Amino acid sequence: MTNLGSPIQGVTLYSFTRAFHAREYDLEGLIRRVAADGMGPGLEVIGFSSFRGFPHVDDAFADWFQGLVAETGLVLTSCAVNTDVGIRRDRLLTDDELIAYMEQQIEAAAKLGFPLARVQISLTPDSMEKLLPVAERLGVTLAIEVHAHHHSQHDLVQALVERYEKLGSPLLGFVADWGTTTTGLAPSMVEAYHRRGASPEFLADAAALWNQYYQEGPPMNDASHGGRFGAFIELAARHGSPELGVDLAINATGLFGPARVESWRDLMPWVRHCHGKFFGIDDSGEEPSVPVRDLVALLVDSGYNGAISSEYEGWHWNYWDDAFEIIAGEQALQRDAATSAGSSMVVDTAQARAQLHDHFGRTLSTSHSP
Amino acid sequence: MPGIVKAVCPRNRDVRSVRLVINDRLIEPNSLEIDSGRFSVDVRIPWYRAVPASCIHDVTVRVDGQTAAPDAMRFELNGRERQLAELPDLVDEPWFTTDSLTVTGDLDIEPAAEHDVFVNLKLYIPYIVTAHGVLLIDESLETKMTGAAR
């Protein structure tokens with residue numbers, strides 16, 4: 001019998017993309033606001049989004065950053081790094097170049113004090129094996145994000161699991177993104193398409209097509225995904241909105257995954273971090289398209305003691321609502337869900353720090369503790 | 001509650017341009033400057049993260065219907081000004097999330113209370129590789145602003 005888990009509440013600064021991009025907050029201001037609003041203690045940052053000059057990080061900046069995090073009572077959970085194979089214009093990076101490129105970012109994540117680097121699924125099992133010595137040298141967990149259109153049973157994920165089992169390292173794992181297991185298209189996105197000229201018939205058919213795929217289950221390989229992607233483009237063309245086709249196809253297949261919540265269970269031994277992906281909170285305080293209650297209940301039931309980064313992605317189409325208020329709504333929902341599941345979310349800094357220490361099996365940076 | 005389901009989009013937004021990218025901010029408001037045949041306008045990255053300057057494929061600027069000649073255009077990033085042809089080699093020169101790419105060029109216009117400013121940016125997204133190669137986003141925005149004399 002597994003003990004019930006107590007996931008750590010947290011947020012990724014990605015949720016505030018529009019506010020940061022608009023220069024309403026600089027990095028320090030955003031971190032202070034997140035802390036003041038009680039959205040931590042977990043803090044996730046995308047390296048290339050928030051750190052100027054990333055992955056080049058000097059000592060003074062790393063000291064300043066860790067000092068700020070300690071002062072504000074936050075705890076670093078995950079630094080998202082990117083698989084930029086396409087930075088050159090003449091060709092893609094070779095495997096060796098990509099490994100070196102990733103190593104630089106993982107070193108930056110470690111220097112900034114993050115216990116985990118989120119990597120992307122374009123890294124192969126071979127690449128992960130090559131990066132394992134880097135993870136071991138730095139004591140950083142490498143976790144591949146499982147994000148729609150992929151899911152726990154997808155060929156690529158299963159190939160990684162196989163390799164992880166062979167390597168047997170506690171430093172390899174996954175980030176579970178909740179957009180993998182949604183139950184429908186977000187009402188706010190459907191509304192945004194309506195405002196962009198999509199007819200009610202088109203939107204009803206798009207919802208029906210998505211529901212059909214939900215019934216059929218998620219695509220088991222990239223060929224199947226490609227077929228669905230094309231079907232959404234065709235649907236838009238058939239309804240006289242060809243300009244919306246690619247956009248709809250990207251969103252309907254890449255943001256709203258049709259896998260079941262239960263599909264995460266087999267992957268849980270490898271899940272080191274979660275993206276609490278969501279798109280909006282309705283008037284009753286619920287998420288209309290992401291089964292947040294079921295997802296939190298599964299984490300609790302699985303004994304998960306890592307962090308959940310609230311990851312608000314409705315900002316892509318919602319230009320008008322305040323992201324802070326929406327995220328506070330999702331975190332309230334998560335806390336309520338954890339209580340309903342017989343546990344609670346961890347919101348205390350010291351408890352979060354101690355729990356992450358056990359979760360990652362390493363000492364978190366405490367050199368700047370107040 | 002935030003209630004985004006019933007949220008009202010402000011009337012002055014062109015909601016047809018709502019995309020996965022942040023292209024409603026492609027042009028920095030009121031950044032147009034005009035001085036004796038040269039103009040300057042600030043272009044914002046329409047993405048959530050920094051990419052290297054090598055990912056900037058092309059930039060077009062049109063003011064009041066006149067398109068700036070590519071050869072005379074210059075691009076300032078991180079305090080250095082360059083020509084478009086120099087950008088592909090800059091794999092280690094970031095265009096940061098909150099920085100402007102300041103574009104200057106030749107245009108025969110006079111400062112006025114209102115100008116139509118159009119910008120098109122073609123930008124590679126280096127971590128997304130499609131069947132057609134590295135994803136190239138093609139974003140345009142047209143907006144009105146004053147033209148300040150430099």
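Convention: sequence-line order gives letters A, B, ...; per-chain numbering from 1. Here the structure is a predicted model, which means the values were calculated and not measured. Values below: every heavy atom of this structure, side chains too, minus hydrogens, waters and symmetry copies.
In terms of heavy atoms, B:Tyr127 sits closest to A:Asp84 at CB-OD1, 3.3 Å. Pairing each heavy atom of A:Arg52 with each of B:Asp99, the nearest pair is NH1-OD2, 2.6 Å. Annotation for A:Gly86 and B:Cys55: closest pair O-SG, 4.2 Å, computed over non-hydrogen atoms. Contact detail for A:Gly53 and B:Pro94: the closest heavy-atom pair is CA-CG, 4.3 Å.
Both the backbone and the side chain of A:Ala22 have a heavy atom closer than 4.5 Å to some heavy atom of chain B. For B:Pro88, the parts lying near chain A are the backbone and the side chain together; criterion is any non-hydrogen pair under 4.5 Å. Contact annotation for A:Leu93: neither backbone nor side-chain heavy atoms come within less than 4.5 Å of a heavy atom of chain B. With a 4.5 angstrom heavy-atom cutoff, A:Ile87 touches chain B via backbone and side-chain atoms both.
A:Arg18 places a side-chain heavy atom less than 4.5 Å from the side chain of B:Asp24. A heavy-atom distance below 4.5 Å is not found between the side chains of A:Phe54 and B:Arg49. Under the 4.5 Å side-chain criterion, counting only non-hydrogen atoms from C-beta, B:Tyr48 is not in contact with A:Phe20. Side chains of A:Trp315 and B:Ile22 form a contact here, defined as non-hydrogen atoms less than 4.5 Å apart.
Annotation for A:Arg23: atom CZ counts as buried by contact number, over 12 foreign heavy atoms lying within 6.0 Å. Taking a 6.0 Å sphere around CG of A:Asp58, one finds it holds more than 12 heavy atoms contributed by other residues, nucleotides or ligands. Annotation: B:Glu114, atom CD; neighbour count of heavy atoms from other residues, nucleotides and ligands within 6.0 Å is above 12. The neighbour count for A:Asp95 CG, taken as heavy atoms of other residues, nucleotides or ligands under 6.0 Å away, does not exceed 12.
With respect to chain A, the highest number of heavy-atom pairs below 4.5 Å among B:Thr98, B:Val134, B:Ile125 belongs to B:Thr98. Ranked by heavy-atom pairs shorter than 4.5 Å toward chain B, the options A:Asn82, A:Thr83, A:Asp90, A:Thr17 are led by A:Asn82. Contact count against chain B (heavy-atom pairs under 4.5 Å) is highest for A:Ser50 among A:Ala328, A:Ser122, A:Ser50. With respect to chain A, the highest number of heavy-atom pairs below 4.5 Å among B:Glu93, B:His57, B:Glu28, B:Arg25 belongs to B:Arg25.
The existence of a salt bridge linking B:Asp89 and A:Arg88 is excluded, since no basic side-chain nitrogen approaches an acidic carboxylate oxygen closer than 4.0 Å.
For the atom pair CZ (B:Phe96) and OG (A:Ser49), the distance works out to 7.5 Å, reported to the nearest 0.5 Å.
The main-chain N or O of B:Ile45 is found under 3.5 Å from a side-chain atom of A:His21 such that the two form a donor-acceptor pair.
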Run the side-chain contact (heavy atoms from CB on, under 4.5 Å) check on B:Asp92 and A:His56 step by step: do they pass? CA-CA 10 Å; B:Asp92 209 22; A:His56 305 291; 3.3 Å; yes
